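This report refers to the structure that appears directly beneath it.
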Amino acid sequence: MIIDIEKFITQERSYWSELEKSLEGLETDFGAQLSLSEIKRFHYLYGRTASDLARLTTFSTEPNLRRYLESLVARAYGQLHESRGRQVRFKPLQWFFTDFPQTFRRHWIAFVMSTALLLGGSLFGGLSMRFDPEAKSTLMPFDHLMQTPAERVASEQKPQHADRLAGRKSSFSSFLITNNTRVSILTLALGVTCGIGTAILLFSNGVMLGAVCVDYIVGGQSVFLAGWLLPHGSIEIPSILIAGQGGFILAHALIGYGSSLSMTSRLRAILPDLTNLIFGVAVLLIWAGIIEAFFSQYHEPVIPYWVKITFGSIQLLLLTLFLMRSGVAPTSSGAKS
Amino acid sequence: MNTLRIRTPEGVQFSLMLASPVTRGLALAIDLACISLVVSVLGVFLPIIGVISSDLANAIYVLSYFFISISYGILCEWLWHGQTLGKKILRLQVVDAQGLKLQFSQIVMRNLIRFVDCLPGFYLLGGMVCFLNGRVQRLGDFAAGTVVIQQSQLFQPNLDQVLPGKFNSFRKHPHLIARLRQSVPTALADLALQALLRRDQFDPAARVEIFSAIAAQFRTLVEFPENEVRDLPDEQYLRNVVDILFCNDKAVL
């Protein structure tokens, strides 16, 4: 049986055009809201076009027309059957102070894993440094860390080094922001290797951190170390840990241990959370980059160590409070009763 | 070419043509060229800022390059419904692997996991995964639940070219028309229609040969009176047949 294409097109063209116009409107305006009658009409047009496609497939094959109808049905299908939360207009403050910390708390186990790996690496790096100081160049492959802690502190506290970043603070800050963000993205993205890559990256960062800490503590420069690392490290290190948390969330969705959902469903469920985490990390790292370039690199006598240590400690406390408490819905005793 | 078939709850099936890794690589090359161009244009203006502060100019350059290279894919795909400039030129589009609406979080993740797809260099890992994956997905697509499809050129068939409304001598024989409709295979009818629709794309010699071969197939199904087909070129013979098969008020829809 052969379809009468001319008659078919003449009869149905107006419905296809109407559906196409509705789709263009919905796809262009992210916040578009349809009334009940518009939704009914849209559903009718979708049903009619889907039916046309089915008839065309059954009786005849005109490839161009079929592709055209397939395209319309595919687009309308996506609009009608999407059950995930409708995208609303982005509110930056609400996102940062509510969505981001809530997402962090929802996946606290992944954060604990991330922290444990970094601490494990730090312990390994610290012990290696303590018992095998010869391994310093391997554990800390940075030229400026090759001198002894005492030499470095003496060098940093010289008056002529007071403003050694003069004229390049902004460049240095932008370099730190981009480099740390790149590392964070990679830490999260490596979750796609079932978390193995994320774990390796966190552990290796921990090794370097632990080695540096032990080197300075053994060298009797604990105060300098705290004054140097705390102001930016109190934000930078938790940021990397949150990126690692994202990596483990992704890995868990891939492995699916303890979940009865399909892998596709698991991945779909965590994508908004991963997006929240990585954008939150980016915001924190911008702040950390500015602090590191404009504050952390100045030591006594320019900035007393107690000021830097106090600043870093308060910052860490505020960050902890922010992640633990921000966005928690206030409990109303009236509502309870 | 690989296709992604999606069956709706209403029982209708539609297919999406998946883009090949090579086409995707070309689109990526265009996108990288675009990013380089934008950064170069930015570099032209930096000396102006450098007059105020060379440090600030450097910082703006570093941040801009990083922001542009990361956000280019995310912003373009979000604002242009799954397309970057390279994808637009090559008619590729990122879509949800289940045919649903593409979400912002999917776009973000497929672009961020690009960092892993790039490893150890030149998209080696992502490229290999693409070739091995039945849906031609790189790791980013896999995690984000997306596929890249080849868009079809959408236009309705030009029936006027095939059916100009001229007199059709075959219509004088309704019993032969009925027999032809009954016996013609769908594939042969479609072949005739497509041959006429693509008439101008054929080389003249090949066109004559193709029309002759198809007309010969129809002649084996039904024999129209000698006086109707004598001196009738094969192409006109096919036009008459297609007119009967595809443009009849009594045809079954």
Side-chain angles (χ1 to χ4, degrees), chain A residues 1-9 13 27 47 50-51 53-55 57 59-65 67-71 73-74 77-79 81-82 84 87 167-171 173-175 177-178 181-182 185-186 188-190 192-193 197 250 254 264 267-268 271-272 274-275 278-279, chain B residues 6 8-16 53-56 58-60 62-63 66 70 81 95-106 108-109 112-116 139-140 142-145 152-157 159 163 181 184 186 189-190 193-194 245-249 251-253:
Chain A
M1 293 294 181
I2 307 300
I3 198 168
D4 184 340
I5 288 182
E6 200 173 26
K7 185 180 171 189
F8 179 66
I9 292 176
R13 195 197 301 255
E27 288 167 352
S51 163
L53 176 62
R55 287 157 75 186
T57 309
F59 290 113
S60 180
T61 50
E62 207 303 301
N64 291 329
L65 182 59
R67 277 187 212 127
Y68 172 71
L69 292 184
E70 278 187 336
S71 159
V73 171
Y77 171 77
Q79 293 288 344
H81 289 269
E82 182 54 75
R84 288 172 289 188
Q87 278 143 359
R168 56 189 186 97
K169 286 195 199 78
S170 302
S171 318
S173 174
S174 59
F175 165 75
I177 291 168
T178 54
T181 308
R182 194 176 284 120
I185 292 173
L186 187 63
L188 184 143
L190 279 170
V192 84
T193 60
L250 178 57
L254 284 169
T264 308
L267 286 168
R268 275 175 188 277
L271 288 179
L274 294 184
T275 308
I278 199 64
F279 278 111
Chain B
I6 293 168
T8 71
E10 294 85 1
V12 177
Q13 185 170 285
F14 57 87
S15 54
L16 303 168
S53 162
S54 62
D55 179 36
L56 185 66
N58 281 338
I60 288 173
V62 171
L63 287 174
F66 183 71
I70 296 264
H81 307 293
V95 296
D96 183 277
Q98 293 187 336
L100 299 173
K101 202 174 172 183
L102 193 63
Q103 300 284 305
F104 180 68
S105 55
Q106 288 179 292
V108 170
M109 287 322 295
L112 293 188
I113 293 178
R114 199 181 287 280
F115 276 67
V116 180
L139 289 172
F142 182 75
S152 311
Q153 273 184 317
L154 300 176
F155 54 88
Q156 294 172 0
L159 289 174
L163 312 165
R181 284 209 194 101
V184 66
T186 310
D190 293 334
L193 177 64
Q194 288 306 313
L245 295 176
F246 287 89
C247 286
N248 186 343
D249 288 340
V252 179
L253 284 178

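Keep in mind the model is a prediction, meaning the values are calculated, not measured. Atoms considered below: every heavy atom in the structure, side chains included; atoms not considered: hydrogens, waters and symmetry mates. Chain identifiers are assigned alphabetically (A, B, ...) following the order of the sequence lines, protein sequences preceding nucleic acid strands; residue numbering begins at 1 within each chain.
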- Item | Top of A/Leu188, A/Thr264, A/Ile185 for chain B proximity - count of heavy-atom pairs under 4.5 angstrom | A/Ile185

- Query: Tell me, side chain or backbone of B/Ile60 under 4.5 Å from chain A's heavy atoms, or both, or neither?
  - Reply: neither

- Message: Between B/Leu139 and chain A, with a heavy-atom cut-off of 4.5 Å, which part of the residue counts as in contact: side chain, backbone, both or neither?
- Response: both

- Message: Please determine whether side chain to side chain contact (heavy atoms under 4.5 Å, CB included) holds for the pair B/Phe14 and A/Leu69, giving the CA-CA distance in whole Å, both sets of side-chain angles, and the decisive distance to 0.1 Å.
- Response: CA-CA 9 Å; B/Phe14 57 87; A/Leu69 292 184; over 6 Å; no

- Item | ring-ring contact (aromatic ring centres under 6.0 Å, His included) partners for B/Phe142, two or more places apart | none

- Kindly determine whether B/Val95 and B/Leu100 satisfy side chain to side chain contact (heavy atoms under 4.5 Å, CB included), including the steps that lead there. CA-CA 8 Å; B/Val95 296; B/Leu100 299 173; over 6 Å; no

- Message: Between A/Leu190 and chain B, with a heavy-atom cut-off of 4.5 Å, which part of the residue counts as in contact: side chain, backbone, both or neither?
- Response: both

- Give a yes or no on this: more than 12 heavy atoms of other residues, nucleotides or ligands lie within 6.0 Å of atom CZ of A/Phe175. no

- Yes or no on side chain to side chain contact (heavy atoms under 4.5 Å, CB included) for A/Glu27 and B/Lys101, after CA distance, side-chain angles and deciding distance? CA-CA 9 Å; A/Glu27 288 167 352; B/Lys101 202 174 172 183; over 6 Å; no

- From the list A/Ala189, A/Ser171, A/Gly78, the residue making the most non-hydrogen contacts under 4.5 Å with chain B is A/Ser171

- Task: Please list, chain by chain and in numerical order, all residues satisfying side-chain contact (heavy atoms from CB on, under 4.5 Å) with A/Thr178, sequence neighbours excluded.
- Result: B/Val62, B/Leu63, B/Phe66

- Name the option with the most non-hydrogen atom pairs under 4.5 Å to chain A; the candidates are B/Gln13, B/Gln98, B/Met109. B/Gln98

- Query: Of the listed residues (A/Ser51, A/Ala50, A/Gly197), which shares the most heavy-atom pairs with chain B below a 4.5 Å separation?
  - Reply: A/Ala50

- Max heavy-atom pairs within cutoff under 4.5 Å with chain A, candidates B/Ala97, B/Ser54, B/Gly99, B/Ser53, goes to B/Gly99

